[in-house]
Amino acid sequence: MPLSIYNTLNRRLEPLRPRDPKRVTFYTCGPTVYDDAHIGNFRSFLAADVLRRFIESPLCELEGSGPGPRSVVHVMNITDVGHMTDDDQADGGGEDKMAVAGRRLLEQKKSGKLPPGVELDPNSPYDIARFYTMRFLDDAKKLGLKVAIEHDKDASLMPRATANVPGMIALIGKLIERGHAYVVGPAGARVVYFHVPSFEGYGALSGNTLDALREGAGGRVGTENQSGKKHPADFLLWKEDSTHIMKWDSPWGAGYPGWHIECSVMSAARLCGSGSVLSPAQLVQMQVPDAQPIIDIHSGGEDNIFPHHECEIAQSCCAFNASHSGPYAGMWFHPRFLFVEGAKMSKSKGNFFTARQLYLPAPEGKGIAPAAIRLELIRTHYRSNANFTEQGLKDSARMVERWRRFMDTAGKGSTSSDAAARGACREAIAAAMHDDLNIAGVLGELNGWLGRVDAPGPEDAELLREIDAVLGVLELEQAKSAQTDIGVFIGCEADPAVLAKLNERVEAKKAKDFARSDAIRNDLAAMGYQIKDVAGGKVEVRRG
RNA sequence: GGCCGCGUGCCCGAGUGGUCUAAGGGAACGGAUUGCAAACCCGUUUGUCGGCGGUUCGAAUCCGCCCGCGGCCUCCA
């Protein structure tokens, strides 16, 4: 059975049919870098990462193509332009996000809360964006996002919006030329709009056709603030604004681009060339035959379906397809939202977590192993609302520990388990993945098999490694640990006060004064440290 | 109001018409082990599958309606 994925575009499960099965092109809408990415962002990015890893895996079979090797060119953009809204009515305060982030960073700088070694001017939007981009890349690599790991060798895989403004200007010009966009307003306050009625396919992805939008009772396509637009649904491509915090020169005056145009440019620029990045001039030249996708897979959070992806389709097809129509992406992949402890994440409820708040060691974070975070975020089917819980995180952490023990044991063993059982397990896992990425099914098969293998050997380890190349869990770094003669500190420092207590406890135990040793354990618990005796006469110490 | 996704035990979740008296992982309980714990190991416990109706010899699985939760309808992963 070949790989099938739920395609948002056609609302059904469809086999993935890339144009070139040896080189699958994949674009993911990445983060906006005015703050640290939270675990909800990462759930979506990780789902895309698992999909690309599976396509690259020998376990994967694609319709109409032979076995691998196969590669995926996966591009994830970094949106480092702050203000991208069209009408100020959409955003209550209408304030630029980069400006807000700047104020926040300025406060942190004053109170000395910025990490050491960070040189940054809170008044510079470029500095703010660079700061959060760097942090995002750290987080992404910690959680095993392959695109971020590859980015170290090929920076073009994670293009920055600010570096692609010339391409956007070129594309906007092309859209005007082809009759899909128009300029309104006097010099000094010019605006370029995409004319939505000029694209017949509008609404195909989201169901929000122009008719539906007009009828929508809760819709916000009002008449106010629409002056100059030919149609209420027309959206911004360029806004002339010489006072804006980030601005570029253009044929329509100094200003900034609309939100949607960057993805049309960055996806085509990196994925439509043969390994190189297309220049603005090449983008203007580029033409794709009708009914042929421009890229194979496009992913993003479910909230991006409309308007962002709908508008992206309109722009890309009108700019690149021969007769201004086409699917743009063959497969649209949209993971659903993440809940935390049964509720929507919100800062006021106290259930809002950035990735680094979880994986950083105490006291900045909770010292949770990245592998546990990753597994917890990927194990709920991507098309369900997942619920991120402390209990679930513990479950995931235990599963990872079990797999690691299996690997350790297998590394020491010389003979492997029953080959037929191993083959059946591999096949069942592949079947589960081919069916719209059924990871829970994979875990069921995997854990069942693991439990039945008493003495794993090299071939067993090899199978687990092959599966983990898709899940991407075991390769992640383990919680930072520090060893001393007596303790193994996981996710925390070897505090001298704690070491003194541990030594005291060893003496007490040696003297068989168990009342005292228990009291010391309680003391440590009161200080926030959990301890347990482990192999080798050492004590494992965890914070929290 | 429109379009879309989801709904299985205490929790996470597998299951896509018969082998389902429903996988697997946790949790709880009991045992083994331990100075006591932790970890590991063994065993036990928990469900008729959101509701109602239909199709069928047979439905968690297909269809219809309803209920609940969630997303979008121009900030949002």
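The sequence lines fix the lettering, A, B, ..., with proteins before strands; numbering per chain opens at 1.
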Checking all strands, does [X] fall into the base, sugar-phosphate, or nothing category for heavy-atom contacts under 4.0 angstrom?
X      : answer
A:L338 : base
A:N447 : sugar-phosphate
A:N304 : sugar-phosphate
A:H334 : nothing
A:K344 : sugar-phosphate
A:G207 : sugar-phosphate
A:F339 : sugar-phosphate

- Lys/Arg-Asp/Glu bridge criterion (N-O < 4.0 Å) met for A:R104, A:D35: yes
- Message: Between A:D303 and A:R336, does any NZ, NE, NH1 or NH2 come within less than 4.0 Å of an OD or OE carboxylate oxygen?
- Response: no
- Message: With nearest nucleotide decided by heavy atoms, which residue, A:R452 or A:F45, maps closer to the 5′ end of RNA chain B?
- Response: A:R452
- Note on the structure: 5'-most contact on RNA chain B (nearest-nucleotide basis), A:S396 vs A:F306, goes to A:S396
Would you say the ring centroid of [X] lies under 6.0 angstrom from that of [Y]?
X      : Y      : value
A:H309 : A:H260 : no
A:F199 : A:H180 : no
A:F333 : A:Y382 : yes

Taking a pair as Watson-Crick or G-U wobble with both distances under 3.5 Å, which nucleotide is matched to [N]?
N      : answer
B:rG7  : B:rC67
B:rA38 : none
B:rA27 : B:rU45
B:rG18 : B:rC57
B:rG1  : B:rC73

- Under 4.0 Å between a side-chain N or O of A:R398 and OP1 or OP2 of B:rA38? no
- Task: Look at the side-chain N and O atoms of A:R405 and state whether any lies under 4.0 Å from the OP1 or OP2 oxygen of B:rC40.
- Result: yes
Say we look at [N] and [M]: how far apart would their [atom1] atoms be, to the nearest angstrom?
N      : M      : atom1 : answer
B:rG71 : B:rA77 : C1'   : 11 Å
B:rA60 : B:rC20 : C1'   : 9 Å
B:rU55 : B:rC67 : P     : 23 Å
B:rC63 : B:rU16 : C1'   : 15 Å
B:rU46 : B:rG68 : P     : 32 Å
B:rC49 : B:rU19 : P     : 16 Å
B:rG17 : B:rC12 : C1'   : 27 Å
B:rG31 : B:rG70 : C1'   : 44 Å

- Would you please determine if the base of B:rA77 is stacked by A:F337, with stacking meaning a centroid separation under 5.5 angstrom and planes under 30 degrees? yes
- Query: Distance under 6.0 Å and angle within 45° of the ring axis: does A:R43 meet both against A:F388?
  - Reply: no
- Can A:K230 be said to sit on top of A:Y182's aromatic six-ring, NZ or CZ under 6.0 Å from centre and within 45° of the ring axis? yes
How long is the line joining [atom1] of [X] and [atom2] of [N], in whole Å?
X      : N      : atom1 : atom2 : value
A:H308 : B:rC73 : NE2   : P     : 13 Å
A:F352 : B:rA77 : CZ    : C1'   : 11 Å
A:W449 : B:rG25 : CH2   : P     : 14 Å
A:D518 : B:rA38 : CG    : P     : 12 Å
A:D533 : B:rA38 : CG    : P     : 11 Å
A:F353 : B:rA77 : CZ    : P     : 19 Å
A:M399 : B:rG25 : CE    : P     : 9 Å
A:E310 : B:rC4  : CD    : C1'   : 12 Å

- Would you check, one step at a time, whether the test side-chain contact (heavy atoms from CB on, under 4.5 Å) holds for A:R374 with A:L377? CA-CA 5 Å; A:R374 177 166 170 121; A:L377 287 174; 6.0 Å; no
- Please step through side-chain contact (heavy atoms from CB on, under 4.5 Å) for the pair A:R402 and A:R405, ending with a clear verdict. CA-CA 5 Å; A:R402 188 177 170 195; A:R405 270 200 310 276; 3.9 Å; yes
- Message: Walk along nucleotides 6-20 of chain B from 5' to 3' and tag each nucleotide B, S or - by protein heavy-atom contact under 4.0 Å, base first, then sugar-phosphate.
- Response: S-----SSSSB----
- Among residues 3-12 of chain A, which contact RNA chain B at a heavy-atom distance under 4.0 Å? A:Y6, A:R11
- Query: Does any donor atom in the side chain of A:H38 or A:T354 lie under 3.5 Å from an acceptor atom in the other side chain?
  - Reply: no
- Task: Could you check which of B:rG71, B:rG2, B:rC36 has an atom nearest any side-chain atom of A:N208?
- Result: B:rG2
- Neighbour count above 12 (heavy atom, 6.0 Å) for A:E427 CD: no
- Taking only residues two or more places apart in sequence, or in another chain, which ones meet A:A371 in a side chain to side chain contact (heavy atoms under 4.5 Å, CB included)? A:V400, A:R404, A:V473, A:L476
